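All of these numbers come straight from a predicted model, not from anything done at the bench.
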Amino acid sequence: MAMSMQNTIWDSVLEITKVAQEKGSDPLIWALQVSSSLSSNGVGLPSPELANVLVSYIFWDNNMPILWKLLEKALALRIVPPLMVLALLSDRVVPCRRSRPVAYRLYMELLKTFAFALKGQINVPNYEMVMKSIDGVLHLSHNFGLEATSPGILVVEFLYSIVSQLLDASLDDEGLLELIPEMKSRWATKPQEMEIDANDNYNQMQTEYHEKLYKMNTIMAIEMIGKFLQDKSTSRILDLVRLNFPTHWIRFIQRLQLLGTNSSALRNSKILTAEDLLQLTTDSGSSIVSSRESKTSSLQKFHSVMAFGSLVSSSGLCQGASHSALWLPLDLALEDAMDGYQVNATSAIEIITGSIKALQAINGTTWHETFLGLWVAALRLVQREREPIEGPIPRLDARLCILLSITTLVVADLIAEDENTPIDESECGSTNHWKEKKLSGKRRIDLVSSLQLLGDYQTLLSPPQSVVSAANQAVAKAMLFVSGINVGSTYSECISMKDLPINCSGNMRHLIVEACIARSLLDTSAYFWPGYVNGCISQIPHSMPAQVPGWSSFMNGVPLSPSMVNALVSSPASSLAELEKIFELAVKGSDDEKISAATVLCGASLLRGWNIQEHTAHFITRLLSPPVPAEYSGSESHLIRYAPILNVLIVGIATVDCVQIFSLHGLVPQLACSLMPICEVFGSCVPDVSWTLPTGEDISAHAVFSNAFALLLKLWRFNHPPLERGVGDVPTVGSQLTPEYLLSVRNSHLVSSGNVLKDQNKRRLSAVATSSSAQPVFLDSFPKLKVWYRQHQKCLAATLSDLVHGTPVHQIVNVLLNMMFRKINRGSQSLTTVTSVSSGSSGPGTDDSTPRPKLPAWDILEAVPFVVDAALTACAHGRLSPRELATGLKDLADFLPASLATIVSYFSAEVSRGVWKPVFMNGTDWPSPAANLSIVEEKIKKILAATGVDVPSLAAGVSSLATIPLPLAAFVSLTITYKIDKASERFLNLAGPALESLAAGCPWPCMPIVASLWTQKAKRWFDFLVFSASRTVFLHNNDAVFQLLKSCFCATLGPNAAAISSNGGVGALLGHGFGSHFSGGISPVAPGILYLRVYRSIRNIVSLMEDIISLMMLSVREIACTGLPRERLEKLKRSKNGLRCGQFSLTTAMTRVKLAASLGASLIWLSGGLGLVQALFKETLPSWFIAVHRSEQEEGSKGMVAMLGGYALAFFSVHCGALAWGVDSSSKRRPKVLGVHMEFLASALDGKISLGCDCTTWRAYVSGFVSLMVGCTPSWVLEVDADVLKRLSKGLRQWNEKDLALALLETGGVETMGEAAELIIDDQ
């Protein structure tokens, strides 16, 4: 019935139309009649059904001029929806444009009239129904692969389909579509077979008029395409296609460029030129974030005042100029990597790459500026260690590794990423793909320009003394090449400046360029850069060296004699081929050759073979995990036969710098995985077999085990409680450094996902892990190690359980006590009887000739806690003198050096329990610190006073206060019995950090006492020991931490509002290292250096975060109040947009505000990692905005301080997130945490949350945060719930921030694309 009624309605409309057609009626009268008829029948207007009826009637049986006039009048009076009519016409007319050129012309005239006036067409009641009808006609959802679409999305798709159809039609008309047959048009551009012979009222196809009109139509169609791309509204709507459908957009731009380059019709246009059209393709490829005409939007205002300026100027970088401060977070991260007290399971390459991408996005710098900032930061790192202090800390080799190996690999990976940009939409994501693809390869060009400019930084390029020779060789090599003189590598190895007739010397840039050439980032054309070398030489110097031992000789077949080994150990390999040959010898050579080859690999090639360093470390890890020989059939582990080479390798890489190099390259997890089976096997061996090394040294299973075990323990903070610094539900970095965590990281490297293949660094780590074992490894694979580790954890967490008599452990305790205190046991009473209170053991005395027990190392380690407990108890009861205790413990450590680790565990646990009475360090029973305690205290005060920190003073008469807990006294007495030599170094490196941690946890002044005792032992370590002691102040005084942080902000920002270049920045924050190269002993330590060496021991990092935010806001207040005169502040408040008055001063202030925020974000990220950043977004920031801040109330609302504070918080929070999560789409935690924060912002804007902060601060924060997300981290926006984005956009519009509201929706992906389009149209 309803259908019949509908048919009656449309039949009536057609009857009215036929009458008007026959009589030639006035279109207005016809329109009124139709409108009246539809209204009387309850049909809403505009009516899509009417549009369909009219178009179906006209095309093609009634294609007459009068009907076009009727259709046009219906459109003008909005009886029919214009977009619906245009959709129907595009489907009917465009395919038949050659046979019906007049209809095509009229269609384009209608396009010109109605396609750009969109505002009135979306504000109609049946707007959604109209768009769905259009979708049914053009199949838009199907063509774009979307199931459910909003009307706004359909508007975007409709406009794109219209323009794309015109483009394909124009290409087809000029025969250009055939040039790209693989890209078949998705839109109707050619007639169907059945329509070719249709009745045509204009049957004059071959006439000159029609041919001319056909050609004119092609010109007009191209001009229409230009108009769509030039119009403010339609171009912005089309840009949504670029952002959300990159595959469609790439195809569109490629066709547009084809048309612009080859179109003959375009050359006849009087409106549009080929250059104009090609320029439009360029403009369309760049992101349109806000209206170009707007002068008051948040985006423009925010980015104007946050801009830092150019990085071109070279002055002041070393001292900390403002453009240098752009890279402050990078400087802090690099310096933090030099902390020898903790290795990192994550590759420095990954950390630096993530930081570089984050800073490049946030600062908006070019890759030229980014590469230059990276090189300069790495050079500053090296320059800070020109004259290092002595001590068991990473020194110059680790810093040179950062500059010449790690940084070069970072650059190589960034360039590889750029030049291998994916072209598939599923691989590349949706944002800015086309722009990035067009610029592919530009990063390599920017690298070249950055290195050319680097030559202007002469102060930074001066090489440290230890690498002067390498720099000279690099410049000599370039000079010989430029001169056209080809010399062999034998000569290159021995060349020096005195061999050259021209007096020149190399610098750090020459080493950087050589590193880049070695990795194929540059070619030898770099040698011809202006100023790279000074002149040429005409002939080879006469002092040609004779054949000398070296890598060239080795490659020519000279065997590994002792002199050859020494030469190869002292000079790094220059190529991977040389390394591969020495590695082959280590695998297949004779026993002596294997030892020699292993020694070579652990020499200069590892420490200073920057161009092949990662390969050297890789080969070493492979040698530490030798495969089971095919012919091997023994019952014992195959590793036993490799004992000599394993021991050489382990000892060779045990130095602080070597461990740090493995850490920087991300090989700590694999190194731990290689050491665990060695510990498991050799710790289970009875030491009745020994091996003799070529040096004549005998090693036992105990020695191999102890060396491997000591190295393994250095790879995590084994003497710290496992959950010492938890934040919420996220484990901290410190707590993750466990054997299980290291193995899980190593196992993750085995995963060969698509992402791994794209990430060069992950590919390298995957290759290393797979080469040792292609299977995952778990702690359960090492039962003995697991038992020790569980015992170690219990020891830290609880007191020792009672020792059961008669058990194997009880018997071993007796044997070890008798061995340690045999001289005492020869007396009237044995120690085991004396100490039976604790150990419950008894046994006969022994004499000096008693042989040492032949016990597996794991069994000994299980008994050690009970042994030490018995000895310490005996000392506490006066039955064992302190000297005898120290001597006995040293005997135990000499017998099994690995026992030092368990001794550390026991003492760490006992000190924390606080049950032992303190002992008096009087110089009689215990060593006395009196000789230099006052000097140490004075130096500590001097170091900290330089950073503005007050130190708790030791009372007068320090000798009466020189008491420390018994376990600490015993441990320090044990450690000072060690010689400071290479043999003891690896064990002191294990005990040293534990001793410092132990002393730091005791009441002040335990640490100065320990430092005083050690400075008597190692005078050349005085500066290092005093500096270490000064760090522990911050564990005893929270206010001292706040003072240190305040000093960091003051140093970075400078004392007043003057230029940062002369008062602050990187140079003031991190200084120039620390050492005694200044007169008067140890130099003042920069506050940033001190903080980087302190923060890991600070337990309450949530309070630390609050202090950082408080100091940042205090800095902002000082910047605002001291940087601008009050009368100018008042003018700025009254100014409409806050920028017009005193723009220079405000920009200067914002530069310093941004620097303060950058520093705060860096400190948060370094101090607490992901956990602290998560707490910042989910808890701290919401609480801060909800709370009332008294200082803001005092200064009044809408002040400059409030605005700057909001912007500072915005930059600070985005910076924190970028450093923690990255700016791309690779983070797993970011969507959840960011979603919670964005929900808070939206709820506050909705009025659901009451805020206590200044409204100006809140508005500046929200607009600044959203601006930074849109402009710097668009991938973040895509992860936020679309409903939240729409609410935020609505709130911004209520603030009259229309451009920012639109930019947010534009960046939000397909789900917000419709709302963005409607907002664009609404702004017409």
Ring pair (Phe, Tyr, Trp, His ring centres under 6.0 Å) between F371 and W327, worked out = CA-CA 11 Å; F371 287 140; W327 312 104; 10.0 Å; no

Any carboxylate oxygen within less than 4.0 angstrom of a Lys/Arg side-chain nitrogen, looking at [X] and [Y]?
X	Y	value
E208	K212	no
E417	K357	yes
R236	E1306	yes

Within a strict 4.5 Å, meaning less than it, do heavy atoms of the P81 and V124 side chains meet?
-> no

Could you check if a side-chain atom of L453 sits within less than 4.5 angstrom of a side-chain atom of W375, using non-hydrogen atoms only?
-> no

Test side-chain contact (heavy atoms from CB on, under 4.5 Å) on F158 and D135 and set out the steps.
-> CA-CA 8 Å; F158 167 73; D135 188 23; over 6 Å; no

Gap separating the [atom1] atom of [X] from the [atom2] atom of [Y], nearest 0.5 angstrom:
X	Y	atom1	atom2	result
L229	L277	CG	CG	7.5 Å
K227	L272	NZ	CG	12.0 Å
T1151	K1154	OG1	NZ	8.0 Å
Q360	L326	CD	CG	11.5 Å

Report the C-alpha separation of R242 and D239 in whole Å, then their side-chain angles, then the decisive distance to 0.1 Å, and conclude whether the salt bridge (charged side-chain N to carboxylate O under 4.0 Å, His left out) test is met.
-> CA-CA 5 Å; R242 177 189 66 82; D239 193 58; 2.7 Å; yes

S263 side chain to G260 backbone, donor-acceptor under 3.5 Å = no

Is the NZ or CZ atom of R100 both under 6.0 Å from the centre of the six-membered ring of W60 and within 45° of that ring's axis?
-> yes

Give me the ring orientation class for H248 and F144: parallel if the planes are under 30° apart, tilted from 30 to 60°, perpendicular past 60°.
-> parallel

Using the ring of each side chain (for Trp, its six-membered ring), is W249 parallel, tilted or perpendicular to F252, with breaks at 30° and 60°?
-> tilted

For the side-chain hydrogen bond (donor to acceptor under 3.5 Å, both in side chains) test, which of K215, R98, R97 pairs with D173?
-> R97

